[in-house]
Amino acid sequence: MATPTDEGAREKLHFIQRIVREHNASGRFDGRVCTRFPPEPNGYLHIGHAKSICINFGIAAEFGGKCNLRFDDTNPIKEEQEFVDSIVADVRWLGFEPAEILYASDYYGRMWAWAEELIEKGLAYVCDLTPDQVRETRGTLTEPGRESPHRNRSVAENLDLFRRMRSGEFPDGSRTLRAKIDMAAPNLNLRDPVMYRILTAHHHRTGDAWCVYPMYDWAHPLSDSVEGITHSLASIEFENHRPLYDWFLDSLGIYHPQQIEFARLELSHTLVTKRKLRALVEEGHVAGWDDPRMPTLAAMRRRGYPPAALRDFAARIGVAKDENLVEYALLEHCVREVLNREAPRFLGVLDPLRVVLTNWPEGKVEMLPAVNNPEDESAGTREIPFSGELLIEAADFMEDPPRKFFRLRPGGEVRLRWGYIIRCDEVVKDAAGKIVELRCTCDLDTRGGHAPDGRKIKGTIHWVSAAHAIPATVRQYGALFSVPEPGRVEDFRTVLAEDSLVEIADAWVEPALRDAEPGFAFQLERLGYYCVDRDRAADRLVLNRTATLRDTWAKIAAKGD
RNA sequence: UGGGGAGUCGUCGAAUUGGUAAGACGCCUGACUCUGGAUCAGGAAGCUGAAGGUUCGAGUCCUUCCUCCCCAGCCA
């Protein structure tokens with residue numbers, strides 16, 4: 001393993017990597033590295049969790065250690081098996097295999113024994129105060145709290161009461177086990193924190209075996225200790241809890257991991273708060289936890305984001321302690337980078353405009369070869385049917401175009417991708433003046449798009465053969481919120497973007513896409529990256545737009561106005 | 001106004017730890033191009049929250065101040 005003094009000293013390491021190196025160098029954990037990702041199974045994982053997962057599994061892999069997936073399942077009221085299943089699936093999808101999948105609830109027995117040990121040491125007591133009374137006696141940020149009248153019960157009485165709490169003798173909320181620390185501590189977490197509360201609830205794993213459940217602050221350090229975790233990586237809001245983490249472990253005199261806190265990720269134009277995401281789902285602002293507009297991993301998977309892009313994103317945003325708001329554009333960049341390299345290309349038209357080739361032989365259909373992926377020769381080629389009646393993108397024709405518009409115009413020429421060069425001879429309009437058809441001449445000598453006379457054709461547009469194209473419903477997704485920091489607005493519901501989902505029912509794609517399976521990711525040339533949604537039916541293709549392509553023309557056009 | 005954290009280009013984020021402010025995304029130019037994609041080349045953009053101080057020299061050390069975040073769940 002590298003030490004801080006060797007060549008590696010010049011590498012750019014983040015502060016956690018540095019700490020681990022120092023520990024390895026000093027032998028604090030005998031060169032061992034063991035981390036854990038500890039989600040509570042009360043919701044779906046989001047992009048913020050992906051950062052944590054990548055850091056925890058990444059540190060373990062980097063130092064030849066291991067990383068566990070441990071469910072922090074200490075609150076049966078909020079937790080469900082559905083969430084543990086989705087979390088396991090999401091972690092694996094992201095590309096990580098836990099050394100072990102464990103549950104804090106696996107340690108309930110040991111935790112109980114340790115609690116009795118603390119009582120015997122005079123460091124914990126059963127308190128009969130109600131929740132309201134506990135709050136009233138806790139003090140405030142500037143005033144110390146008052147000691148509970150039950151603080152000095154005898155060990156025997158505490159033990160007796162504690163065991164009776166477990167046997168179901170007392171009603172919910174009537175008693176708690178509290179650590180006897182310091183009601184005047186400036187750190188509120190040290191003012192005799194609750195270790196156990198009485199909760200008559202069915203637990204998704206332990207069933208009805210318990211009616212007392214441990215609090216996070218008590219359960220977490222013990223779970224870490226049991227598993228031999230070396231570096232307990234937590235988000236910054238747990239920094240205030242570290243003294244308590246240390247106090248429990250030191251009071252018990254058991255193996256003591258090092259807790260290290262890092263800043264959680266904030267992503268622009270979205271929310272990474274479970275509570276608010278739940279509200280979006282429950283209030284129907286989105287179609288579910290995996291609605292492709294959501295920042296959950298399930299949604300990103302459905303949207304077509306490759307897991308490799310998320311890992312790359314996590315690596316690029318870095319690890320530090322200051323608050324940060326990462327621009328969504330960086331995530332999109334990572335997504336495009338992977339997809340550009342891997343996604344096969346196809347042609348499809350979202351807003352069709354009919355083109356009739358007046359000189360094309362009646363009824364003739366030609367199969368034209370097309371390259372599947374210019375970034376990957378091994379992706380091979382396919383054939384696309386070409387005929388005398390085509391559909392092109394309405395935006396690729398302008399009757400009176402501005403300067404620098406090099407697509408189709410009256411009397412102008414344009415190349416059909418992988419096809420022929422055509423010239424627009426006539427614009428057909430309906431009674432309302434709307435353009436409904438273009439009558440064009442096809443230069444029959446330009447098959448494949450090459451002009452034998454060497455003339456330059458600046459524009460190339462996408463198309464499909466009207467008779468062969470298959471219909472598709474396309475869901476175009478954009479940012480869920482119209483402002484960069486919806487989390488800072490009084491009510492995030494007021495800044496929900498109205499056009500975050502635009503469904504196009506009349507899109508047409510080339511026939512090669514007919515049998516594409518849900519999840520299949522590809523590029524619709526000149527439009528963006530798409531994937532087949534699980535909503536697709538045998539007779540109806542449903543596509544999700546994963547991301548757009550960079551659109552230089554849009555910028556030019558916008559400036560022109 | 002108690003305690004704990006944090007302040008470096010628009011956004012992230014480095015700086016061998018006192019030695020003369022990386023890189024990435026975004027933005028702007030240009031080249032190239034059968035995706036106005038991709039790629040390539042170049043550019044603008046921070047005097048490092050502020051003010052003092054130490055020093056030949058400070059983002060790095062000292063002092064004072066300012067701003068932001070977290071904590072008063074029997075949530076995690």
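Excluded from the calculations below are hydrogen atoms, water molecules and symmetry mates; all remaining heavy atoms, backbone and side chain alike, are included. Chain letters run A, B, ... following the sequence lines, proteins first, then strands; residues in each count from 1.
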Handout entry: Side-chain N,O (A:H333) to OP1/OP2 (B:rC25) below 4.0 Å
Key = yes

Practice task
Sticking with atom C1', work out how far B:rC12 lies from B:rA72, rounded to a whole angstrom.
Solution key: 33 Å

Handout entry: Atom-pair distance (NE2 on A:H14; C1' on B:rA24), nearest Å
Key = 16 Å

Handout entry: Phosphate contact (B:rC28 OP1 or OP2) by A:K555 side-chain N/O below 4.0 Å
Key = yes

Exercise for the section: Quick one: stems involving RNA chain B, counted as three or more successive Watson-Crick or G-U pairs, both distances short of 3.5 Å. Expected result: B:2-7 with B:66-71, B:10-12 with B:23-25, B:27-31 with B:39-43, B:49-53 with B:61-65

Handout entry: Gap between atoms CD1 and C1', on A:I181 and B:rG3 respectively (whole Å)
Key = 15 Å

Problem - No-H, no-angle donor-acceptor pair, A:E143 side chain to B:rG2 base, under 3.5 Å - result: no

Problem - Ring center gap for A:F238 and A:H220 short of 6.0 angstrom - result: no

Fill in the blank from the handout: The answer to which of A:A320 and A:L524 contacts RNA chain B further toward the 5' end, by nearest nucleotide, is A:A320

Problem - Gap between atoms CZ and P, on A:R242 and B:rG3 respectively (whole Å) - result: 17 Å

Exercise for the section: Can you measure from CD (A:E375) to CD (A:E342) and round to the nearest 0.5 angstrom? Expected result: 11.5 Å

Exercise for the section: Hey, could you give me the CH2/CG distance between A:W289 and A:L45, rounded to the nearest 0.5 Å? Expected result: 10.5 Å

Problem - Pairwise C1' distance, B:rC9 and B:rG4 [rounded to whole Å] - result: 30 Å

Fill in the blank from the handout: Nucleotide by nucleotide, nucleotides 70-76 of chain B touches protein heavy atoms under 4.0 Å in the pattern (B base, S sugar-phosphate only, - none) BBBSBBB

Problem - Any donor-acceptor N or O pair under 3.5 Å, side chains A:Y245, A:Q258 - result: no

Practice task
Using atom CD1 of A:I260 as one end and atom C1' of B:rG5 as the other, report the distance to the nearest whole Å.
Solution key: 15 Å

Handout entry: Atom C1', compared across B:rA31 and B:rA38: separation rounded to whole Å
Key = 14 Å

Problem - Separation of B:rU17 C1' from A:F15 CZ (nearest whole Å) - result: 17 Å

Practice task
Check the chi torsion on B:rU17 and let me know: syn if it falls within 90° of 0, anti if not.
Solution key: syn

Practice task
Rounded to the nearest angstrom, tell me the gap between atom CD in A:E510 and atom P in B:rU35.
Solution key: 16 Å

Exercise for the section: Could you tell me whether the side chain of A:T548 reaches within less than 4.5 Å of the side chain of A:R336, counting heavy atoms only? Expected result: yes

Completion exercise
Under a 4.0 Å heavy-atom criterion, the protein footprint on nucleotides 36-47 of chain B, written with B, S and -, is BBS---------

Handout entry: Value in whole Å for how far the P atom of B:rG13 lies from CD of A:E327
Key = 12 Å

Exercise for the section: Tell me whether the centres of the aromatic rings in A:W463 and A:F386 are closer together than 6.0 Å. Expected result: yes

Exercise for the section: Write down the distance separating the C1' atoms in B:rG2 and B:rA24, rounded off to the nearest Å. Expected result: 41 Å

Practice task
Decide whether A:Q476 and A:Y530 meet the rule of one side-chain donor and one side-chain acceptor closer than 3.5 Å.
Solution key: yes

Practice task
With syn defined as a glycosidic angle within 90° of 0 and anti as everything else, classify B:rG73.
Solution key: syn

Exercise for the section: Take atom CD of A:E323 and atom P of B:rG4, then tell me their distance rounded to the nearest Å. Expected result: 18 Å

Exercise for the section: Could you work out the separation of B:rA21 and B:rU63 based on their C1' atoms and round it to a whole Å? Expected result: 25 Å

